[in-house]
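Here's the structure, in structure tokens; my notes come after.
The residues of the chain are indexed from 1 along the displayed sequence.
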Amino acid sequence: MSDGPHRSLPMRRHWKDLAERAAKAAYSANEVCEALPHALQKDLREAPLTAIRDILSGGQGSLFSNDEIERLEAVRQASTRSAASNVVIDSAIQAVSDGLTGDTAYRAALESACEERVRSGFRSVEEHYHREANAHSARYVRDRLDAARKQCDFKTIASGFLSAGKPSRGAVSLPRHTGLDEGPTL
């Protein structure tokens, strides 16, 4: 017997942790919700955020949005080809196309990238649960993930990247509740 479909989920560990919390009723809605920002931060940490922020803030003095878009595409080619990198760069290009500049563009790009990564991650988890479990389990996981998304504040996550750049490895860890007083509420 398997420990659940989250074990065979073809995603990174932080998304598996989120799927596990969503699938198990032993985890409260708040515990599912706290795993979502963790997964997003782990994903976005691998994107070339410093280079994107420099381009959007006019670090090299560009006055034309086409120049910024070309430089963002150059960053895409030079960076590791990851889904998170592509989503952040696409969101930055959209922010530039919308006429945004500076930290406003960077914040809009990060918020948009968070929303897109959540939608993509949730689709992958739900699709996997449809294949590996029954429809009821997939619906249950989807409902719990949607509830977590509604509670998640993408602006706060984006603000965290604005103030700190990339969070350090220690700053992005999923809280584990192991003490006796941290158990489920009665």
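Using a 4.5 Å heavy-atom cutoff, the side chains of K42 and W15 are not in contact. Counting only heavy atoms from C-beta outward, the side chains of L40 and F161 never approach each other to under 4.5 Å.
The side-chain contact (heavy atoms from CB on, under 4.5 Å) test applied to A105 returns L56, A95, L100, not counting sequence neighbours. Contacts of Q151 classified as side-chain contact (heavy atoms from CB on, under 4.5 Å), with partners at least two apart in sequence or in another chain: N30, C33.
Distance check: R76 CZ to N86 CG gives 5.0 Å after rounding to the nearest 0.5 Å. Rounded to the nearest 0.5 angstrom, E68 CD and E70 CD are separated by 11.0 Å. To the nearest 0.5 angstrom, K155 atom NZ is 13.0 Å from L110 atom CG. Taken to the nearest 0.5 Å, the CD atom of E115 stands 9.5 Å off from the SG atom of C152. The structure places CG of L36 at 11.0 Å from CZ of R117, a figure rounded to the nearest 0.5 Å. Atom CD1 of residue I89 and atom CG of residue L49 lie 9.5 Å apart, to the nearest 0.5 angstrom.
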Next on the checklist: side chain to side chain contact (heavy atoms under 4.5 Å, CB included), that's the test. Do R142 and Y129 meet it? Break it down for me.
Outcome noted: CA-CA 9 Å; R142 179 58 183 216; Y129 270 77; over 6 Å; no

Checklist entry - Could you go step by step and tell me if K150 and D146 meet the salt bridge (Lys or Arg N to Asp or Glu O under 4.0 Å) rule? => result CA-CA 6 Å; K150 289 175 184 169; D146 281 340; over 6 Å; no

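Cluster membership for Y140 and L145, using ILVMFWY side-chain heavy atoms within less than 4.5 angstrom, is not shared. No path of Ile, Leu, Val, Met, Phe, Trp and Tyr side chains, each step under 4.5 Å between heavy atoms, connects F154 with V87, placing them in separate hydrophobic clusters.
Distance alone, capped at 3.5 Å, is enough to place a donor-acceptor pair between the R53 side chain and the L162 backbone. Side chain of R21 to main chain of E31: a donor-acceptor pair is present (N/O by atom type, distance under 3.5 Å, no hydrogens or angles). One N or O on the side chain of S79 and one on the backbone of V75 form a donor-acceptor pair closer than 3.5 Å. Remark: side-chain polar atoms of R144 are paired, donor with acceptor, to backbone N or O of K24 under 3.5 angstrom.
Salt-bridge annotation for R119 and E126: absent, with no side-chain N of the basic residue lying under 4.0 Å from a carboxylate O of the acidic one. A salt bridge links R131 to E127: one of the charged nitrogens lies within less than 4.0 Å of a carboxylate oxygen. Salt bridge absent: D67 and R71 never bring a charged side-chain N and a carboxylate O closer than 4.0 Å.
With 3.5 Å as the limit, one finds a donor-acceptor pair spanning the side chains of R107 and S159. With 3.5 Å as the limit, one finds no donor-acceptor pair spanning the side chains of Q94 and D90.
Checked options L18, V125, V32; the residue passing with V141 is V125 (criterion: side chain to side chain contact (heavy atoms under 4.5 Å, CB included)).
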